[in-house]
Amino acid sequence: MLDKTVKVIENRLLSEKGKVYSLKLNSPELADGCLPGQFFEIKVGGNDSRFILRRPFSVAFCDDKTVTIRYNVVGAGTEWLSRITPGHELDVLGPLGHGWPIDKSKKTLLVGGSTGIFSVLGAASRLGNMSGAVLGFCSCELVNSVEDFEAFGSTVSVITEDGSSGRKGLITELVKEELEKIKYDLIFVCGSTMMMKNVAAVVKPYGIDCYVSMEERMACGVGACMGCVVKLKSDNEQGWEYKRACAEGPVFNASEVIW
Amino acid sequence: MLDKTVKVIENRLLSEKGKVYSLKLNSPELADGCLPGQFFEIKVGGNDSRFILRRPFSVAFCDDKTVTIRYNVVGAGTEWLSRITPGHELDVLGPLGHGWPIDKSKKTLLVGGSTGIFSVLGAASRLGNMSGAVLGFCSCELVNSVEDFEAFGSTVSVITEDGSSGRKGLITELVKEELEKIKYDLIFVCGSTMMMKNVAAVVKPYGIDCYVSMEERMACGVGACMGCVVKLKSDNEQGWEYKRACAEGPVFNASEVIW
Amino acid sequence: MENTKKVDMSVEIAGIKLKNPVMTSSGTCGYGRDYLDIWSPAELGAIMVKAVSIEPRNGNPPPRIAEIPSGVLNSIGLQNPGVRHFIETDLPWLKSIGATVVTNVVGYTMDDYAACVELLDETDVDMIELNISCPNVAGKPIGADPEAAETLTARIRKITKKPIIVKLSPNVTSISDIALAAEAGGADAVSLINCPMGMRINIQTRRPMLANITGGMSGPAIFPLALRMVWQTAKAVKISVLGGGGIVKWEDAAEMMMAGADAVFIGAGLFYYPATPLKVIEGLEKYCLDNNLSNVSMITDSLITDR
Amino acid sequence: MENTKKVDMSVEIAGIKLKNPVMTSSGTCGYGRDYLDIWSPAELGAIMVKAVSIEPRNGNPPPRIAEIPSGVLNSIGLQNPGVRHFIETDLPWLKSIGATVVTNVVGYTMDDYAACVELLDETDVDMIELNISCPNVAGKPIGADPEAAETLTARIRKITKKPIIVKLSPNVTSISDIALAAEAGGADAVSLINCPMGMRINIQTRRPMLANITGGMSGPAIFPLALRMVWQTAKAVKISVLGGGGIVKWEDAAEMMMAGADAVFIGAGLFYYPATPLKVIEGLEKYCLDNNLSNVSMITDSLITDR
Ligand SMILES: Cc1cc2nc3c(=O)[nH]c(=O)nc-3n(C[C@H](O)[C@H](O)[C@H](O)COP(=O)(O)OP(=O)(O)OC[C@H]3O[C@@H](n4cnc5c(N)ncnc54)[C@H](O)[C@@H]3O)c2cc1C
Ligand SMILES: Cc1cc2nc3c(=O)[nH]c(=O)nc-3n(C[C@H](O)[C@H](O)[C@H](O)COP(=O)(O)OP(=O)(O)OC[C@H]3O[C@@H](n4cnc5c(N)ncnc54)[C@H](O)[C@@H]3O)c2cc1C
Ligand SMILES: Cc1cc2nc3c(=O)[nH]c(=O)nc-3n(C[C@H](O)[C@H](O)[C@H](O)COP(=O)(O)O)c2cc1C
Ligand SMILES: Cc1cc2nc3c(=O)[nH]c(=O)nc-3n(C[C@H](O)[C@H](O)[C@H](O)COP(=O)(O)O)c2cc1C
Ligand code: FES
Ligand code: FES
């Protein structure tokens, strides 16, 4: 974990209506040893800003020298980020947390909903043709990064709630079909809590190991504040405990999560 | 008084070391009827900024369509302002307050110290060759706008505290010499409170009408909050009262001010 | 119920109907003349004028203003020309243009308050707001002492039939206790919050940034504090709650109403954008349209706390 | 006096010498391991660890964090693994790396506090900080009641010879009264401020942003409030004053010390920049050099209030 001031190489609009951006950062140090499913805390707002909290973003992919994250503009912080131009610098803390339990010998189903696709995109970048991806969006304007999954070797299906792109319906249907069609050894899911809960329920009967990435509201991002806890099964007396998404997570085994 | 979102035409560095900028705004509406000695309240910091208070700046000069203000970078607000590039927009409230009692038939001495020169520059812009200007700075790097005074027809003397440009010494000496040399009918002074107090004291024996511009800390800038008061003589029982620099001022007759 | 897509923006506070739930707060809008180029007091739910006292006051020496993160620090010290001047000059004008007027009253003693209200009772001022947060009244401020707050309110209640609003100080352990005391004393409404006391130091000069050393905080920095206090108070009392503190946009006003405020007031938001009250009225109206609320008062207390 | 241009950065608090006057505050730096890649607890004046209680606590349900203008709202609810776990695992490690350790203690009852301190008294922890701001202790929080604060402090004083710091809540009418009570009870220092209580609402869902509805405010938004309270408290008590609340840069720390703090603590500033404590130490040292102060403690109380 490092806190670095790094140069922006690219901050590119991927999808006009959905306001999805791809942000490429120049930092061999941050790229070094950074794993899919891990995340960075980026300082948003200039020196005079009213923001004290950094914003967490998953590693979308990285190479030797650069880290790429992708983000949706959803509020004031990401709005600010979207206005940053190449050459400017950002304060970036990371890599943080524990990523996906990637195993290149296992056929892995990646399930991503809206901004959750960026975290599983990281997994796709390492899995070559060993991954299939099921991506869900509200509507077609938000659809993005499909080519990137494909370029990494993943076979992709898209579903939108309003049917404006790909299939119409809920992501759980598509997950079920995919599992019926192909034998997967492992499943990684990232999306809203409700979506992950539903997907985990659909997956359960298949007995396949399923991991979810819990994107909780965070303050420190490093495990110091107990702000980002997730309720997990435990062998303590009460049978559960709160664990930190930023430190023990964000990736947890779905079977441990108390939804 | 209007609150307008106006386009920046120019934001030019005048003096490298002193960080003095000339900001030209495109706004026929704000330029209309705006008088020397009046000021504008400019919103600094973007949407996400921690600044709630606007920053007051004097009208340096204006024409039919534009208003020019000049400013020193002294803190976070002016620092932000200095990074604004032409084409961007600023929220500008004004014109505010009561300006200099300009009389083109009267030979007027303009006395300005550091950022106080901008307010008297406004007067110079209307007085043609009826003004003489005495400008004081801490040191040479801060010296600026002299050509502008001259272009407007003013004869200028400069004094610096460290002698690095023009004469070395305090502005009061130069004011005294100037008054001995030339017969002035009117004097306008803008600078630190201490400087204005001292100049007013030097001027007093000459019996010439002397006006000062009191640049108090402001909140509303329009007279609503009582934040910016100046202690003035009054014919009430106690013999004094607090008056609002932004509304009754910023220009006051020096003889009324209780320093 | 209604079929037309119009929102009823009026709210009723203490039996008085306000055009809308947006007021400008005492001390930040003078006596209504200073922002005329931007808005007229008649466009607001009400104007809460700068505090008046029985005798004119000089207020504190300058500097009176300092900046704080996301806010403003002030120590005006209640400078005002006295209640008589207000009654003779500003009040008639405000009424003539159709404004609903809340007069903020301060005193050094309870007698001062009483004397002021006696004079105001004979005017056509709409409501009286007792500013009990002023820290200079006989040592402990009335606003920090439930008994004193109740005693003062009860005394004023006997003097006037006009609606009485008690303006609460946030510098207390339990603001709802003071609100309950005001209610017990016969107040028709409480308004909150006044400024939390803060301080800043200029480290170059090693002197306080305000001549008065400490001053009142306002602006977005205090919004979460104000919201919590409004929520606690609205749960505790039955009378109307006027909520403010740090409101600079309509979303803030919506939060404040959801927490239980029947109407809101805007102070430092005026320094940020003078047109803030108009934007807030507009924004609340649009929120109602978007959410099919026929009356703006339906936002009040609409917070859902069960999960 | 000295001729060398070195600054003595050490300060003495309750008889304990700290390397420098900069601490990280309880609840924002865990038990010292989480920021190791950025700073070691041994580099600080002291580390104030997350509250421990006699039994482990789950804390509040999430979401526990929300954003506020220039700050953070939190409702952790004192989740911790219990004092025994701390004594067995974290404390020995902290001491082994050379850290000065302040243990923040909470309880539901005075017995809880006593039980915790009894265990800590037998360890080599450096100081004990009684967190009396926790609003859940038997209705009225101890931190809002001078008598209870004094009683608790006196009881703990009998149990341990270790320095006792009482951590004060800002949610009170007079914080200096509570500080005086702690002093009367035998405290060696007071630390302030803990978080002012605030709230935020998500207007889309009409639900509180925190599951616990209200939470504690931290960050620059509370700095002016904290500074005022530190100033008032430092004037009132003779014991050491540890000042914090909203410090994110060395200039803030300098203001806090000028107002009377003997040392400062940094909480939310860590979220902003994890290296904040190091930058503050550096900045204070440079300030001393620039101003010819041989000891950093010369900044303490150097405010000039006469004009
Ligand atoms: C471990 C982790 C990884 C993430 N990875 C990505 C990513 O790769 N790409 C991406 O676009 N986003 C990602 N997010 C979510 C991202 O952090 C938020 O969208 C961002 O912080 C919003 O900031 P803002 O200031 O624009 O919005 P705000 O004004 O703070 O909030 C706007 C809206 O976004 C929601 N929101 C804010 N923070 C979160 C959060 N932590 N989780 C869920 N919803 C939130 C709020 O509830 C609100 O409705 C991740 C979050 C976590 C915790
Ligand atoms: C009526 C009026 C007209 C002015 N005209 C001009 C002008 O034409 N050009 C110009 O450069 N400046 C002018 N000023 C001063 C200008 O407003 C301040 O320099 C500016 O607000 C500083 O903002 P900041 O955020 O950069 O600094 P801050 O961080 O707010 O303060 C930095 C330093 O500047 C000082 N300062 C801040 N505000 C004022 C103020 N109102 N008066 C004096 N000192 C202040 C502070 O004490 C501090 O030492 C004028 C002020 C007033 C009241
Ligand atoms: C400059 C200024 C002057 C004020 N004067 C008064 C006053 O005279 N009477 C009063 O009850 N409140 C006064 N207040 C408090 C405000 O009315 C309001 O309660 C407080 O500022 C919080 O709201 P805000 O954050 O929207 O400003 C004043 C506030 C400011 C900023
Ligand atoms: C996430 C979080 C957890 C906290 N936990 C504790 C705690 O366990 N005990 C305590 O005394 N104070 C706790 N505090 C209060 C801080 O120690 C500190 O007093 C307060 O946040 C103000 O300082 P700051 O603005 O620098 O954060 C906590 C604060 C935060 C933000
Ligand atoms: S965000 Fe602080 S512990 Fe996870
Ligand atoms: S700044 Fe508000 S009255 Fe002058």
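Here is the naming used below: chain letters follow the sequence lines, and residue numbers restart at 1 for every chain.
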*Calculate, to the nearest 0.5 Å, the distance between atoms OG1 and CE belonging to C:T300 and C:M257 respectively.*
3.5 Å
*Can you measure from CD (C:E67) to CG (C:L73) and round to the nearest 0.5 angstrom?*
10.5 Å
*asked:* Let me confirm one number: the CE-CD1 distance from D:M209 to D:I65, rounded to the nearest 0.5 Å.
replied: 13.0 Å
Output side-chain donor-acceptor pairs under 3.5 Å for residues 259-272 of chain D, partner residues at least two apart or in another chain, one line each.
residue : atom : partner : partner atom : Å
D:D262  : OD2  : D:V241  : N            : 2.8

*Please check if the side chain of D:R200 supplies one atom and the backbone of D:A66 the other of a donor-acceptor pair under 3.5 Å.*
no
*In terms of heavy-atom proximity below 4.5 Å to chain D, should C:I203 be classed as side chain, backbone, both, or neither?*
both
*Using non-hydrogen atoms and a 4.5 Å limit, figure out which bit of C:T205 sits close to chain D: side chain, backbone, both or neither.*
backbone
*Value rounded to 0.5 Å, distance of CG in D:D8 from CE in D:M298*: 10.5 Å
*Is the shortest heavy-atom distance from the side chain of D:N212 to the side chain of D:R64 under 4.5 Å?*
no
*Portion of D:S302 that has a non-hydrogen atom of chain C nearer than 4.5 angstrom*: both
*Rounded distance (nearest 0.5 Å) linking atom NZ of C:K249 with atom CD of C:E255*: 7.5 Å
*What are the two closest heavy atoms between D:P63 and D:S75, and how far apart are they?*
O-OG, 4.2 Å
*Tell me, do C:R57 and C:V106 make a side-chain contact under 4.5 Å, heavy atoms counted?*
yes
*Can you pull out the residues in residues 276-288 of chain C with any heavy atom less than 4.5 Å from chain D?*
C:Y287
*Report yes if some heavy atom in the side chain of D:C195 is under 4.5 Å from a heavy atom in the side chain of D:N74; otherwise report no.*
yes
*Will you find, in the side chains of D:N194 and D:S133, an N or O donor that is under 3.5 Å from an N or O acceptor?*
yes
*Determine yes or no for a side-chain-to-main-chain donor-acceptor pair under 3.5 angstrom, with D:N20 supplying the side chain and D:M9 the backbone.*
no
*Look up atom CD1 in D:I132 and atom OG1 in D:T153, then write down how far apart they are to the nearest 0.5 Å.*
6.0 Å
*Which residues, numbered in order, of residues 217-233 of chain D come under 4.5 angstrom of chain C by heavy-atom distance?*
D:M217, D:P220, D:A221, D:F223, D:P224, D:L225, D:L227, D:R228, D:W231
*By number, which residues in residues 171-178 of chain C have some heavy atom less than 4.5 Å away from chain D?*
C:N171, C:V172, C:T173
